[in-house]
Engineer: 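My questions all concern the structure below.
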Amino acid sequence: MIKHLQELLEKAVSCLQRDGVFPKDINPVINFERTRSKEHGDFATNLALTLAKPIGKNPREIAQLIADKLIESMHVEKVEIAGPGFLNFFLTNNCRRQVVKQVLKLGNKYGNNDFGSHKKITVEFVSANPTGPLHVGHGRGAAYGASLSNILEKSGYEVQREYYVNDNGRQMDILATSVWLRYIELCGVPVAFPDNGYQGNYIVEIARFVRKKYGDKFLFTQSEVYENVPEDEKHGGDKEKHIDGLVHNAKHLLGKDNYQKVFKIALNTILSGIKADLESFNVNYDSWFSEKQLHESDTIDRAIAKLKEKNYLYEKDGAIWFMSTHFGDDLDRVVVRENGQKTYFASDIAYLLNKFERGFEGALYVFGADHHGYIARLKAAAKGMDINPEDIEIVLTQFANLVKGGKKVQMSSRSGKFVTLKELIDDVGVDAARFFYVMRSHDQHMDFDLDLAKSQTNENPVFYIQYAHARICSVYKKLEEQALQHNQEIGNASLNLLTHEKEEDLMRSISSYPEILITAARTRSPHTLANYLREVAQNYHSFYDQCHIVNITDENLRNARMNLSLATKSIIADGLSLLGASAPESMFAEDRDTK
RNA sequence: GCGCUCGUAGCUCAGUAGGAUAGAGCGACCGCCUCCUAAGCGGUAGGUCAGGGGUUCGAUUCCCUUCGAGCGCGCCA
């Protein structure tokens, strides 16, 4: 439709240029927007305002000139000039109603668009270290990344969803050592658990599993465990040195093979827990990418070689540095440490290179706001390797506070006192959790109100939207019960009977679905869709209140209204599924359980 | 100290690739079930878009500045 209107305007403008009214050298960009209120018609363009300057005429005057040259269209009822010089286009009622037919025909393909023009992109999100279960802080990234991926896919991108598993490095050694220490404890040898070890209860569970499988095979005496280990912080020492000493002894005492056994059990247990949590949260990945893979292949070396080739590396204090300040970062970054080990940043560079070597044309990273310092160095690394920094995009999600009883829920991940994602899902349900995380803009701090998410009342937007869907199902059932079989063809042929104000509002609302999706995709903002669904639901409830379907005698009108209802249902179901929430057929708990 | 993100109604938040009278929900107040699910609908009240400057036909939106909030500034991962 917008295309059609643009063509009309283009013709009018070129006509005016030919007549010498407008200068020949202007090449206007024609923007059409859906109007905010219906008094302004269906679509509006600010063309005359943007032309005011180059032409040197009053915008309203220009608008009039253009309006006079517009040729008739079967879809346009009238064109008005309003405000400072907007051209408002009013569509014919017939044209507006076609959307019902179209939605019913296309089903969940309605709204598909080509905004992404088949660009192959990888969307990486969550990527939490596998050192413990996901907590509510990861939930926002998960819900956002998954919803955004769905929206981008619907908008014509080829999307690959990826989780980067940090299965390498010191933190993982600390994890394995923590498990081993708990294991020793379980065997009856008392150990003072290190301040910097992983405290959570899940570590003990994993240790129990290790003991069950291997018995006392990995047991050593207290003096062996603590041999040459510096004092812990609680005894006036350095907790970092203390834990490193323990890690060293763990590797030495267990030997490579046995250490790997403990390591792998710890990693696999936690990782499969993370996978299970995400799956139950309706978050699905196409790929779980192992950091270790970068080390075992030659990718890191090649990435470093690439930077070296261009003279972006230098040596200082025995370490190798990347000149990231040259590309706008605050500090230069170490790539290889004095002791010869590669830094985490080196893996990042290699991972970035790897993404483009795998043929992706764009890499989208979803980071928590605490990682914003990574943007500059990642873009710097891209420039250093001749990857267009425009092709990497980093989106930050702000933190979400949990609010319960009007108070913030305090959390600290260090002590292991946090609300896990699983607990949240068990508490409020997947639908509410998924929806609440994305109903606010990702770059806005948000309060996640647990009481509200749980409430099954009109205060809860998820239930409000789901209720609209359930209502439509209910009406449909009612029709069947009363043997008033719905006939879609009659409905389509009778769309001209949909003249009620509420019917028009609802049609207006459902016809903007494709544009909403494009906006959500363009601005990387799933919350745009969440808000839109609320609006659709509101228009439906309002329509439902005033336009009855079952208990009216006009068969044509009844079928037309049912078509409109089914079109609405289709959009709500599709929109909710993009956001990872379900569209139930009934809101009554007993019906939902038997589903 | 430097940097990043933000500041919109009593509360939680939309809106801003410069555009028309800044919108919802909740809370408050007033109405609507002999009628398809009242988990619903209709209405009223509520604003210096944090403050100040600038850019222009036009700024809540862009720029500068002040104030306030959150986060980040390792040869950790």
Side-chain angles (χ1 to χ4, degrees), chain A residues 31 33 35-37 39-40 44 46 49-50 52-53 58-59 82-86 88 129 131 166 168-174 196 240 291 316-321 330-331 333-339 341-345 347-348 368-376 396 398-399 401 403 406 439-441 443-449 452 455-461 463-464 466-468 470-479 481-482 484 502 519 522-523 525 527-528 530-532 534-535 537-538 540-552 558 561 565 586-588:
Chain A
N31 284 317
E33 285 178 353
T35 54
R36 283 188 203 168
S37 84
E39 288 84 63
H40 297 145
N46 62 351
L49 291 137
T50 59
K53 202 156 204 180
N58 169 330
F86 289 99
N88 292 337
N129 284 354
T131 55
N166 299 121
N168 199 294
R170 182 165 173 263
Q171 291 305 320
M172 291 307 295
D173 281 331
I174 295 176
N196 224 12
E240 304 289 349
E291 182 194 352
K316 193 181 96 183
D317 304 331
I320 298 176
W321 300 68
D330 304 340
L331 296 165
R333 307 287 168 183
V334 172
V335 178
V336 183
R337 280 187 264 166
E338 196 182 355
N339 64 11
Q341 282 196 334
K342 281 138 193 159
T343 60
Y344 186 76
F345 180 55
S347 306
D348 281 345
D370 53 339
H371 282 60
H372 60 70
Y374 286 62
I375 299 176
L396 299 176
Q398 294 293 328
F399 290 122
N401 294 314
V403 177
M439 74 179 181
R440 303 305 183 198
S441 171
D443 58 12
Q444 195 70 241
H445 299 273
M446 67 169 273
D447 286 346
F448 191 122
D449 190 328
L452 181 60
S455 84
Q456 307 205 347
T457 69
N458 56 345
E459 300 168 24
N460 189 331
F463 280 80
Y464 184 83
Q466 291 182 326
Y467 181 39
R471 262 191 157 163
I472 296 167
C473 296
S474 168
V475 171
Y476 194 81
K477 261 182 253 163
K478 207 82 183 178
L479 275 182
E481 276 169 24
Q482 305 200 2
L484 298 167
K502 297 298 180 189
T519 303
R522 178 172 54 79
T523 61
S525 300
H527 77 277
T528 305
N531 288 331
Y532 166 78
R534 203 188 186 289
E535 182 197 305
Q538 185 165 30
Y540 190 79
H541 287 309
S542 191
F543 156 79
Y544 173 91
D545 192 58
Q546 300 212 11
C547 304
H548 285 202
I549 298 168
V550 178
N551 53 8
I552 56 171
R558 187 171 62 233
R561 283 180 174 169
S565 297
S586 166
M587 297 304 280
F588 296 118

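Values below: every heavy atom of this structure, side chains too, minus hydrogens, waters and symmetry copies. Model, not experiment: these values are computed from the prediction. Lettering follows sequence order; numbering is per chain, from 1.
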Engineer: Could you tell me whether a side-chain N or O of A/Ser565 sits under 3.5 Å from a main-chain N or O of A/Arg561, the two making a donor and an acceptor?
Structural biologist: yes

Engineer: Both conditions, 6.0 Å and 45 degrees, for the charged tip of A/Arg471 above the ring of A/Tyr540: are they met here?
Structural biologist: no

Engineer: I'd like to know if the side chain of A/Tyr374 pairs up with that of A/Asp348 as donor and acceptor (distance under 3.5 Å, no hydrogens or angles considered).
Structural biologist: no

Engineer: Is B/C4 in the syn range, within 90° of 0, or in the anti range?
Structural biologist: anti

Engineer: Summarise protein proximity over nucleotides 2-8 of chain B in one line of letters, 5' to 3': B for base, S for sugar-phosphate only, - for none, counting protein heavy atoms closer than 4.0 Å.
Structural biologist: -BBSSS-

Engineer: For A/Thr528 and for A/Arg337, locate the closest nucleotide of RNA chain B by heavy-atom distance; then report the residue assigned to the nucleotide nearer the 5' terminus.
Structural biologist: A/Thr528

Engineer: What pairs with A/His541 under ring pair (Phe, Tyr, Trp, His ring centres under 6.0 Å), at least two apart in sequence or on another chain?
Structural biologist: A/Tyr464, A/Tyr467

Engineer: Kindly point out which of B/G15, B/A39, B/A77 is positioned nearest to the side chain of A/Met587?
Structural biologist: B/A39

Engineer: Choose from B/A77, B/G40, B/A20 the nucleotide whose nearest atom is closest to any side-chain atom of A/Asn129.
Structural biologist: B/A77

Engineer: At their closest point, which heavy atom of A/Ile174 faces which heavy atom of A/Asn196, and how far apart are they?
Structural biologist: CG2-O, 3.7 Å

Engineer: For A/Lys342, enumerate each residue passing the salt bridge (Lys or Arg N to Asp or Glu O under 4.0 Å) test, keeping only those at least two apart in sequence or located in another chain.
Structural biologist: A/Asp301

Engineer: When you measure from the side-chain N and O atoms of A/Tyr532 to the phosphate of B/G15, is any distance below 4.0 Å, counting only OP1 and OP2?
Structural biologist: no

Engineer: Please state whether the base of B/A20 and the side chain of A/Asn88 form at least one donor-acceptor pair under 3.5 Å?
Structural biologist: yes

Engineer: What's the closest nucleotide to the side chain of A/Arg440 if the choices are B/A39, B/C13, B/C71?
Structural biologist: B/C13

Engineer: Taking only the side-chain heavy atoms of A/Asn551 (C-beta and beyond), determine which of B/A20, B/C35, B/A14 contains the nearest atom.
Structural biologist: B/C35

Engineer: Treating A/Ser474 as the side-chain partner and A/Ala470 as the backbone partner, does any N or O pair qualify as donor plus acceptor under 3.5 Å?
Structural biologist: no

Engineer: Determine yes or no for a side-chain-to-main-chain donor-acceptor pair under 3.5 angstrom, with A/Thr343 supplying the side chain and A/Val335 the backbone.
Structural biologist: yes

Engineer: Kindly express the pairing pattern of RNA chain B in dot-bracket notation, using | wherever a base pairs with another strand and counting only Watson-Crick or G-U pairs under 3.5 Å.
Structural biologist: (((((((..((((.....[...)))).(((((.......))))).....(((((..]....))))))))))))....

Engineer: Give a yes/no on whether any side-chain N or O of A/Arg558 is located under 4.0 angstrom from OP1 or OP2 of B/C36.
Structural biologist: no

Engineer: Do other residues, nucleotides or ligands put more than 12 heavy atoms under 6.0 Å from the CD atom of A/Glu33?
Structural biologist: no

Engineer: Considering heavy-atom distances to RNA chain B, does A/Thr35 or A/Asn531 have its closest nucleotide positioned more toward the 5' end?
Structural biologist: A/Asn531

Engineer: Just wondering, do A/Phe86 and B/G19 stack (centres under 5.5 Å, planes under 30°)?
Structural biologist: no

Engineer: Would you indicate which nucleotide in B/U12, B/G40, B/C75 comes nearest to any side-chain atom of A/His541?
Structural biologist: B/G40

Engineer: Ignoring hydrogens and angles, tell me if any N or O in the side chain of A/Thr35 forms a donor-acceptor pair with the backbone of A/Ala44 under 3.5 Å.
Structural biologist: no

Engineer: Which nucleotide, B/A20, B/A38, B/C71, lies nearest any side-chain atom of A/Ala82?
Structural biologist: B/A20

Engineer: Out of B/G70, B/C41, B/A20, which nucleotide sits closest to the side chain of A/Phe399?
Structural biologist: B/G70

Engineer: Please check the phosphate of B/A38 (OP1 and OP2 only) for any side-chain N or O of A/Arg471 closer than 4.0 Å.
Structural biologist: yes

Engineer: Only counting residues at least two apart or in another chain, list the ones meeting salt bridge (Lys or Arg N to Asp or Glu O under 4.0 Å) with A/Asp449.
Structural biologist: none

Engineer: Below 3.5 Å is the cut-off: list the nitrogen or oxygen pairs between protein and nucleotides 42-45 of chain B, distance only.
Structural biologist:
residue	atom	partner	partner atom	Å
B/G42	OP1	A/Ser542	OG	2.9

